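The next block holds one structure in the form of structure tokens; read it before the comments.
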Amino acid sequence: MGTQTDIAAIEQAAEAFAAEVAYWREVRGLSKRALAQRMGFDPSYVSHIESGRHRPTGEFARLADEALKAGTSIWRRWRDFEAAKNRSRASESAVPRRTEQPYAVGSALLVEHDAARLDFNGTTYQLAMRRLVRNTGSEPITRYLIRISVDRYPGEPERSNAHHRQYPLTWEELGLTAACCGERMLWEAKHDWDAFKEVWLLFENADGRFPLYPGESVWIEYAYRVSAHKWGRWFQRAVRLPTERLEVHAAFPAALDPVVWGTETSMTAEAIPLRTAPHCRRDGETLVFSWSTTHPSLHARYRLGWRFRAGPEFESSQGEPR
């Protein structure tokens, strides 16, 4: 029987596996039933996996990775789960595997403050993310993983996928920039698909390296932009690391008369309304909607959605809101 720490690590790895499956299923615009059929499983099986009622298996991980074209991300989560079980069985301390940090089991990263802001000027969304991260482990951290995902027609996966095949998201239009404590961060692409990018932000630049050492905290900031033709009316934050405070801001031209709402999705429940409503304040000709929470659940997803009550020409050109 493993220690309480071992058991907690196994549970964390199982939850991370389930969250990875759910994430890639959403990226691909598939329902749970559709994914199960594509994999040859009973329709309820994916639901059981994502809710944690069934433990991860190698067969499921392999087939899900292939069906969702997840680039071995799901397979690695299963290997992390197996490694956690093996550590629990071993009487001596196991040597930790060097998987792709910071999302390995026992990740050393803690997010002390996650602040995200979306600004819309009528044609383009500008995204700015700030995270205060702390290294609680024993090894220096040299890179940080971020994800950029667009979905032009949420709820209509075939239409959205066709749209992004015709109008793929490009690095040039994103104009991704990143910095840490005033130092520019280099970055390298991990996944590059039509509607989804995964990127390593590196704690280095042409002038040198500045790894995040154990016990240290630093602010990471990154920004990018996406045209309204590709984005859709939603802004989601996924809690992938232990987080102490999360805040989200969405700013729109007041002339569009925006209406904003929010939902929360967890490992055990479908989307429910946010427990508190977004707060609105006026800043000149802009309306800023803000929402925050402390100690959000790991793997929870918080989403703001909106519509515009003014500007009928804009409304008709943008399609249905998310």
Side-chain angles (χ1 to χ4, degrees), residues 16-51 60-77 118 125 127 145-171 173-174 189-199 224 226-240 261-272 299-307 317-322:
F17 178 88
E20 198 73 19
V21 173
Y23 176 81
W24 285 98
R25 179 177 58 77
E26 291 181 358
V27 166
R28 297 302 176 208
L30 295 175
S31 66
K32 296 175 184 178
R33 178 179 292 274
L35 176 58
Q37 291 174 343
R38 184 172 293 189
M39 295 171 59
F41 280 87
D42 183 87
S44 64
Y45 196 84
V46 172
S47 180
H48 291 324
I49 286 286
E50 291 189 13
S51 68
F60 183 91
R62 178 179 60 80
L63 292 174
D65 216 88
E66 292 175 357
L68 296 171
K69 298 179 181 178
T72 75
S73 294
I74 296 172
W75 177 257
R76 288 199 304 271
R77 289 293 193 183
L118 173 148
Y125 291 98
L127 290 301
L145 187 66
I146 66 170
R147 288 166 167 171
I148 301 171
S149 179
V150 297
D151 188 355
R152 183 60 190 81
Y153 300 106
E156 301 179 74
E158 292 184 2
R159 184 184 181 192
S160 199
N161 290 340
H163 180 83
H164 291 301
R165 279 195 299 270
Q166 185 176 3
Y167 305 104
L169 192 64
T170 67
W171 296 109
E173 68 181 308
L174 282 173
K190 180 184 176 187
H191 286 122
D192 181 5
W193 290 318
D194 293 343
F196 174 74
K197 312 293 186 192
E198 203 165 38
V199 183
Y224 58 92
V226 182
S227 72
H229 184 57
K230 298 181 181 181
W231 183 261
R233 298 197 194 107
W234 59 277
F235 187 28
Q236 179 170 284
R237 310 301 298 137
V239 182
R240 304 193 178 282
W261 62 91
T263 59
E264 172 186 350
T265 305
S266 70
M267 291 288 296
T268 57
E270 297 295 334
I272 60 173
H299 308 307
R301 297 187 295 279
Y302 301 91
R303 176 181 297 177
L304 295 183
W306 55 86
R307 65 184 178 88
S317 68
Q318 293 301 298
E320 295 302 317
R322 183 166 193 160

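Treat the numbers as computed from the prediction; the structure is a model and nothing was measured.
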Measure the spacing between OH of Y23 and OG of S73 and express it to the nearest 0.5 Å.
9.5 Å
Euclidean distance, Y302 OH relative to T265 OG1, rounded to 0.5 Å:
10.0 Å
For the pair Y167 and H229, name the ring-plane relationship: parallel under 30°, tilted 30 to 60°, perpendicular over 60°.
perpendicular
Apply the test side-chain contact (heavy atoms from CB on, under 4.5 Å) to residues M39 and E66: give CA-CA distance (whole Å), side-chain angles for both, the deciding distance (0.1 Å), then the verdict.
CA-CA 9 Å; M39 295 171 59; E66 292 175 357; over 6 Å; no
By side chain to side chain donor-acceptor pair (under 3.5 Å), E173 pairs with (sequence neighbours left out) T170, K230
Run the numbers on I49 and F17 for side-chain contact (heavy atoms from CB on, under 4.5 Å), then give the verdict.
CA-CA 9 Å; I49 286 286; F17 178 88; 3.9 Å; yes
Using the ring of each side chain (for Trp, its six-membered ring), is Y125 parallel, tilted or perpendicular to W306, with breaks at 30° and 60°?
tilted
Applying ring pair (Phe, Tyr, Trp, His ring centres under 6.0 Å), name anything that partners H191, two or more places apart in sequence or on another chain.
W24, W193
Quick one: ring pair (Phe, Tyr, Trp, His ring centres under 6.0 Å) partners of W75, sequence neighbours excluded?
W78
Output for pair (R147 CZ, E198 CD), nearest 0.5 Å, gives 4.5 Å
Between R165 and D194, does at least one N-O distance fall below 4.0 Å, as a salt bridge requires?
no
Between S149 and W234, the two heavy atoms sitting closest are O-CH2, 3.2 Å
If you look at every heavy atom in D42 and A36, which pair is closest and at what distance?
O-CB, 3.5 Å
